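Each remark here refers to the structure printed beneath this line.
These values consider heavy atoms only, across backbone and side chains, with no hydrogens, waters or symmetry-generated copies. It should be emphasised that the depicted structure is a prediction, and the values quoted were computed from it without experimental measurement. Order of the sequence lines fixes the chain letters, A, B, ..., with proteins taken first and strands second; residue numbering starts at 1 for each chain.
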2 protein chains.
Amino acid sequence: MADLLSVAKLAGVSRATAARAFSSPELVRPETRHKVLEAAHRLAFRPNNVARQLRAQTTKMIGVMVPSLDNPVFAEQLQAMEVAARASGYSLIVTTSEYDASRESEIVEEMLRQRVDGLVLTIADADRSEVLAKLHREVCPYLLVYNQPEAADIPTIGVDNRAAVAEATRHLIALGHHRIGMVAGSLLQSDRARLRYEGYRQAMCDHGLTPRPLIEMPRHTQAELACLEPELSGHDGLTAVICTNDLLAISLIGELQRSGRSVPGDLSVMGFDGINLGHCLYPSLSTVEQPRVEIGRSAVQILLAMIRGETPQPLPLPHALREGESVGAPPTSRQVLVTRNPQRNTP
Amino acid sequence: MADLLSVAKLAGVSRATAARAFSSPELVRPETRHKVLEAAHRLAFRPNNVARQLRAQTTKMIGVMVPSLDNPVFAEQLQAMEVAARASGYSLIVTTSEYDASRESEIVEEMLRQRVDGLVLTIADADRSEVLAKLHREVCPYLLVYNQPEAADIPTIGVDNRAAVAEATRHLIALGHHRIGMVAGSLLQSDRARLRYEGYRQAMCDHGLTPRPLIEMPRHTQAELACLEPELSGHDGLTAVICTNDLLAISLIGELQRSGRSVPGDLSVMGFDGINLGHCLYPSLSTVEQPRVEIGRSAVQILLAMIRGETPQPLPLPHALREGESVGAPPTSRQVLVTRNPQRNTP
DNA sequence: CGCCCTCATGAGATCGATCTCATCGATCGT
DNA sequence: ACGATCGATGAGATCGATCTCATGAGGGCG
């Protein structure tokens, strides 16, 4: 590949002038510029970004780490980030951590070596993370996404998970549900999971209802009906569940239907995330929507501001309760049973 | 950030030795190495990959361009690529083209400037693409994914779209369907779309059935029932449709159910891609599965081989007909109508 | 007419690591 | 004991573009 020097020679100018013809054309006489571009064309020259980055001490690259791309909530956010970054002349280096702490650490280390201008991370648990400790000592701007650390000085963007699930729970209660469960994937060691359960617990208690223990599924994004079945029957069987993510909710609905149950007839199911696909299903998914596109777009904007040396205040973004067809009133046959329940809430 | 020279000074060795302590530790006496690492630690030194890349003339980066990450078929492939690349010490620069030809061109140009070691691309239409023309003149190894160009000399990995849809069509025919339609998104200008329709047409003709015109939806991944409705009623109404992607199929099933129809009772629906979510739904999605993980993994392996200077022969990967619950026998009430149909195929 | 300023360009240093080649002491073989 | 070999290290060039500073031509103005 031809370099600037050979282009400069062919055009009969110095390296400096040839460089200017590309990076700041206004400094070069149009005639000269044309000679340079012509020479560049003849030699199939293409500026070498690596050299530019080394000299300029900036890569125009953002390092992104998400747990997995198999979950659309991350893919959709990443899509938005890519568009926003490209619009500002930045590229994304994308990595997946699989929620693995040691991998998180390696990935961030590698990206720092790559001299990315900033990092956008979604980590497993923002409250106990080696990655954050490392970044704390570094100068590289970074931003967490979807996480919700307890420490206030960690720049983060995402929704208020506790409030969001609390609202979802109240929504179900308002529809007449009393026996509401919460279904989670296999990864309980996350700041979000803790806060979501806490939101559920709080809302239940506030209404004089008994929160149930978390129902844990063996996989993170696919429900096993067998794990839930014991909770469904009997006089205190659940009439509604909140799932910690949409994939879990969707697969749970599928399993319930396959077992001959009706959603929301026999069980109301609420998701969390608001992935696009939820709209399209029948029954459509009731869910707590995280504004994935807005989150992705803002993440890039805020990070770029940090890179420019500003100190923007990342606001928590609003969640939205999106009502779909997977949630309805509790079954009436069951509602009779409610009266046998300790909590005697008038129907 | 400290550089190698300051580390070398602190450790009392030359720059060369300090560099060796990192990149080829076996060449350095253990005692010396420890001194260097100790000094590096004290100075919070981190090797600068940009400088290394410039000197070594290799970035260990792969440029990836997919149409969109909102479709899990790409996200799932990308997930597999990321894992495979990382395992071989490579990073991914990820971009999305939105099927926009000019964007495709810009993106590839930018990645070439970035001196990626290779490119993995999914382009809109491999048979008329400026990008391919450009790459043809370049030395950068590249590989198409999911595309199926007519030209034989373009390295590509993916399934045989024509054969895949033909097989799906035959499957429906074998179940007794005669009036089968094909539903596509709004982007017909793609090599895959053409071949998929061609496979459908061929299979229909081979069985003496009349292929229908493509039913085009206004959006690429979401079905509008109104576009399909005219084809459903009447004495020659469809009993089965093949959708060009799973998202289209899934949303179509949702719309059909919402309108009170049963799938597959009233209409059998078959998808294409095999995204993970299809398994979980009820009815589960019958689809032509593209081995997305295998495709992603192989794409990286083959590209790395090309980077090493080998000339691997990318084989077309096998598709698989995945039978789900969204396809069944045609409704019997309709089957009576079949006899009024021009094609008289005995049941 | 001469001074100063602007504009276009060139020379040379620089970003940070790596590669080649040279050097020097120690070990080995006969 | 002496030349050969090996292992560890250092000096200096190099990757390709950009930045700073210097230079020189040309124009405006007193």
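Not one side-chain nitrogen or oxygen of Q57(A) sits closer than 4.0 Å to the OP1 or OP2 atom of dT18(D). Distances shorter than 4.0 Å separate none of the side-chain N or O atoms of T32(A) from OP1 or OP2 on dA8(C). Side-chain N/O atoms of Q53(A) include none lying less than 4.0 angstrom from OP1 or OP2 on dG16(C). Of the side-chain N and O atoms in S23(B), one or more sit less than 4.0 angstrom from OP1 or OP2 of dT18(C).
Rounded to the nearest 0.5 Å, atoms CD1 (I93(A)) and CE (M61(A)) are 4.0 Å apart.
Here the side chain of T17(B) is nearest to one of dT9(D), dC15(D), dT20(D), namely dT9(D). Between dT9(D), dC19(C), dC15(C), one nucleotide has an atom nearer to the side chain of R55(B) than all others, and that is dC19(C). The listed nucleotides are dA17(C), dG16(D), dG10(D); the one nearest the side chain of V13(B) is dG10(D).
A salt bridge between E110(A) and R86(B) is absent, with no side-chain N of the basic residue lying under 4.0 Å from a carboxylate O of the acidic one. Salt bridge annotation for E106(A)-R103(A): absent, with no cationic side-chain nitrogen under 4.0 angstrom from a carboxylate oxygen. Using a 4.0 Å cut-off between a side-chain N of Lys or Arg and a carboxylate O of Asp or Glu, R194(B) and D125(B) qualify as a salt bridge. Using a 4.0 Å cut-off between a side-chain N of Lys or Arg and a carboxylate O of Asp or Glu, E130(B) and K134(B) do not qualify as a salt bridge.
Classified by interplanar angle (parallel below 30°, tilted 30° to 60°, perpendicular above 60°), the ring pair F45(B)/F22(B) is tilted.
With a 6.0 Å radius and a threshold of 12 heavy atoms from other residues, nucleotides or ligands, E310(A) has its CD atom above the threshold.
For dG16(C), the base has no donor-acceptor partner in the side chain of R46(B) [N/O atoms by modelled type, under 3.5 angstrom]. Between the side chain of R52(B) and the base of dT18(C), no donor-acceptor pair of N or O atoms lies under 3.5 Å.
Looking at heavy-atom distances under 4.0 Å, V50(B) makes no contact with the nucleic acid at all. Residue V28(B) is classed as a sugar-phosphate contact, given heavy-atom separations below 4.0 Å to backbone atoms only. Here A56(A) lies out of heavy-atom contact (under 4.0 Å) with every strand. Counting non-hydrogen atoms under 4.0 angstrom, A19(B) reaches a base of the nucleic acid.
Within residues 33-42 of chain B, no residue places a heavy atom under 4.0 Å from DNA chain D.
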